[in-house]
Trainee: 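Sharing a structure below in structure tokens format, with a few things to ask.
Keep in mind that what you see is a predicted model, and the values were worked out from it rather than measured. Residue numbering restarts at 1 for every chain, and letters A, B, ... go by the order of the sequence lines.
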There are 2 protein chains.
Amino acid sequence: MTHHLTGHSAMPSGQVSHCQGCSLCSHCLPLGLAYEDLERFDAIILRPRPLKRGAPLVRQGEPFTSLYVVRSGSFKQVVADAGHREHVTHFLLPSEVVGLDAVGEAVHPTSVVALESSFVCELPFGSLEALGDRLPALRGALYRCMSQELHRDQRLHCLLAFATAERRMASFLLGMSERHAARGYSPYGFQLAMSRADIGSFLGLALETVSRLMSRFQRHGLLQVSGREMTLLDLPALEALAEQGESRR
Amino acid sequence: MTHHLTGHSAMPSGQVSHCQGCSLCSHCLPLGLAYEDLERFDAIILRPRPLKRGAPLVRQGEPFTSLYVVRSGSFKQVVADAGHREHVTHFLLPSEVVGLDAVGEAVHPTSVVALESSFVCELPFGSLEALGDRLPALRGALYRCMSQELHRDQRLHCLLAFATAERRMASFLLGMSERHAARGYSPYGFQLAMSRADIGSFLGLALETVSRLMSRFQRHGLLQVSGREMTLLDLPALEALAEQGESRR
DNA sequence: CGCATCCTTGACCGCGGTCAACAGTCGTGG
DNA sequence: CCACGACTGTTGACCGCGGTCAAGGATGCG
């Protein structure tokens, strides 16, 4: 990873670190802000912060002060279960927002950990709120983010409650594919930044089952996988698996 | 149910229909508003609306205009799955907010259906937003509602991903108990307004399994159940089932 | 009273969890 | 450079939880 340390900031200085120069801008939180509003939004951002693989961005129980937006890399959101077991509840890709489950709360209910070397933009929530008073579009964007996450959780609920392992796996892969595609990358090939155990934890499957399913999908020509390098070969077939399979009640 | 129809309104007229006269006020959305602010909040509420068992409060795909607060009765939130199957994602009790998953969206992503004769207060979202500009406490309350729902969904994710049927059932019953207790009712005895099939759909279990588990819990002296009348006899034992059971990975 | 809906209980068996052994891959130090 | 251990991923064998099917009982409404 190439990051130079200029002063105490960790990104190349100049325009590049601003929203206008960021390739994710059109998919990011400030979506739909007018140019001069964007500049005001830009002004409240604390400049990108680097995290290494395994480093926590926020820790469960820490006081809530800021939202973060993933600028590059990826993260997993984990909760320490009552049974002291860790459980992955979400994966976060570039342009996605971290900390919405803590908005309006005193502390973070989950931890968020880098899966690889990553950068995040920090948005102090106080500043964001103040700016939201003047820019209804920004507040609307925040609402939309939160409700979309609620909606996404509902679909996940359906998946975990009723889908077979095969269907969960197919849905997961298609979801990753979509999210990559939405950011301008290929929907067919991508790197899985997370381990089989993380995927299993997220989908409610044993890691062995994750591994077996990937092998089976490969054997059937649906995809090509080697370690964490994933290539989806037959999206329609995967969609058929993800949507049809009227298995469990 | 005792409700007189006075004119076209379906609640006793006068103070009773205002927040100040509502027994749920201290648990409800306007929690923590000062007296005169509460009056302004009260002014934007569309007076309680009655729904019969099975009647939809909002339908999936309908345009979003208002939030609702359950005043009495109960509801289930359902999504029409990709596989054309209906799936229960939440149950809603008095003082809980309906429609947060649609805030900032054009349409409702889920339907909400009355499980029994119920009343709701309607909060037009536009008015709520406008009032929120002047009452930071109100906006904060809205944020808190949304993030709490996100947090709740995370715990549900853990439950569905890893818990055995027994543990899901125990958690569900304890959750209902807590929510009843939070509203000043007994944590031990309550009516289940939903069918076994609804519970199963929510927990990702076959309705037969729900029935079997209730029978087993009763056999072991943990509770007393007769149809939809539920009495929890041994909360500590249920908590042990809900929290310990380190079953699946 | 009769039909519909909801609930209960039993019998069976398949999906996927668990345990176990082994194969790659990477980073570290001799 | 290779040897070593730690970690991650793959594959097989086994079996138990819980889904499915089926039958019968309870409850309620027209």
Trainee: Which residue is it: A:Leu203, A:Val210, A:Leu207, A:Leu115? I am looking for the one with a side chain to side chain contact (heavy atoms under 4.5 Å, CB included) to A:Asp198.
Mentor: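 Going through A:Leu203, A:Val210, A:Leu207, A:Leu115 one by one, the side chain to side chain contact (heavy atoms under 4.5 Å, CB included) with A:Asp198 is satisfied by A:Leu115 alone.
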Trainee: Could you check whether B:Phe190 and B:Tyr185 have their ring centres less than 6.0 Å apart?
Mentor: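 For B:Tyr185 and B:Phe190, the ring centres are not under 6.0 Å apart.
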Trainee: To the nearest Å, give me how far apart CZ (A:Arg219) and P (D:dT10) are.
Mentor: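 Value for this atom pair: 12 Å.
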Trainee: Measure all distances between protein nitrogen or oxygen atoms and nitrogen or oxygen atoms of nucleotides 4-7 of chain C, and list the pairs falling under 3.5 Å.
Mentor:
from, atom 1, to, atom 2, distance (Å)
C:dC7, OP1, B:Arg228, NE, 3.1
C:dC7, OP1, B:Arg228, NH2, 3.3
C:dC7, OP2, B:Arg196, N, 2.9

Trainee: Set out, in order, the CA-CA distance, both residues' side-chain angles and the distance that settles side-chain contact (heavy atoms from CB on, under 4.5 Å) for A:Leu156 and A:His90, then state yes or no.
Mentor: CA-CA 10 Å; A:Leu156 203 51; A:His90 279 300; 4.0 Å; yes
Trainee: Specify whether A:Phe172 and A:Phe202 have parallel, tilted or perpendicular ring planes, treating 30° as the upper limit for parallel and 60° as the lower limit for perpendicular.
Mentor: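 Tilted: the ring planes of A:Phe172 and A:Phe202 meet at 30° to 60°.
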Trainee: Let me know the distance between CG of A:Leu160 and P of C:dC15, rounded to the nearest Å.
Mentor: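 So the two atoms are 20 Å apart, to the nearest Å.
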Trainee: If I take atom CG in residue B:Leu205 and atom C1' in nucleotide D:dC17, what distance separates them, rounded to the nearest angstrom?
Mentor: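 Checked: the CG to C1' distance equals 11 Å.
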Trainee: Measure the distance from CG on B:Leu213 to P on D:dG18 and round it to the nearest whole Å.
Mentor: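 To the nearest whole Å, that distance equals 8 Å.
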Trainee: Between A:Ala102 and A:Pro109, what is the shortest heavy-atom contact and its length?
Mentor: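 What the structure gives for the nearest pair is CB-CD, 3.9 Å.
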Trainee: Specify the separation, in whole Å, of atom CD of B:Glu116 and atom C1' of D:dG28.
Mentor: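 Distance check: B:Glu116 CD to D:dG28 C1' gives 17 Å.
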Trainee: Taking the side chain of B:Ala206 as its heavy atoms from C-beta onward, which of D:dT20, D:dT10, C:dG16 lies nearest to it?
Mentor: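 Selected nucleotide: D:dT20.
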Trainee: Please give, in whole Å, the distance from D:dC17 C1' to B:Arg167 CZ?
Mentor: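 My rounded result for the distance is 15 Å.
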Trainee: Does A:Thr164 make a side-chain N or O approach to OP1 or OP2 of C:dC15 shorter than 4.0 Å?
Mentor: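 Answer is no, no contact under 4.0 Å.
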Trainee: Let me know the distance between CE of B:Met169 and C1' of C:dT8, rounded to the nearest Å.
Mentor: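 The answer, rounded to whole Å, is 14 Å.
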Trainee: State whether A:Ser215 places a side-chain N or O below 4.0 Å from either non-bridging phosphate oxygen (OP1 or OP2) of D:dT11.
Mentor: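 It does, given that an N or O in the side chain of A:Ser215 lies less than 4.0 Å from OP1 or OP2 of D:dT11.
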Trainee: Can you tell me whether the side chain of A:Arg212 and the base of D:dG12 have a donor-acceptor pair closer than 3.5 Å?
Mentor: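 Answer is yes: a donor-acceptor pair is held.
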Trainee: Out of curiosity, B:Met230 CE to B:Gln191 CD, how far, rounded to the nearest 0.5 Å?
Mentor: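 Atom-to-atom, B:Met230:CE and B:Gln191:CD are 10.5 Å apart.
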Trainee: Mind calculating the distance between CD (A:Glu208) and C1' (C:dA20) to the nearest angstrom?
Mentor: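 Result: 10 Å.
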Trainee: Nearest-nucleotide wise, let me know which of A:Glu166 and B:Val210 is further upstream toward the 5' end of DNA chain C.
Mentor: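 It is B:Val210, whose closest nucleotide lies nearer the 5' terminus.
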Trainee: Determine the sole option in B:Glu149, B:Arg183, B:His27 for which the side chain to side chain contact (heavy atoms under 4.5 Å, CB included) test with B:Glu96 is passed.
Mentor: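 Exactly one option meets the side chain to side chain contact (heavy atoms under 4.5 Å, CB included) with B:Glu96, and it is B:Arg183.
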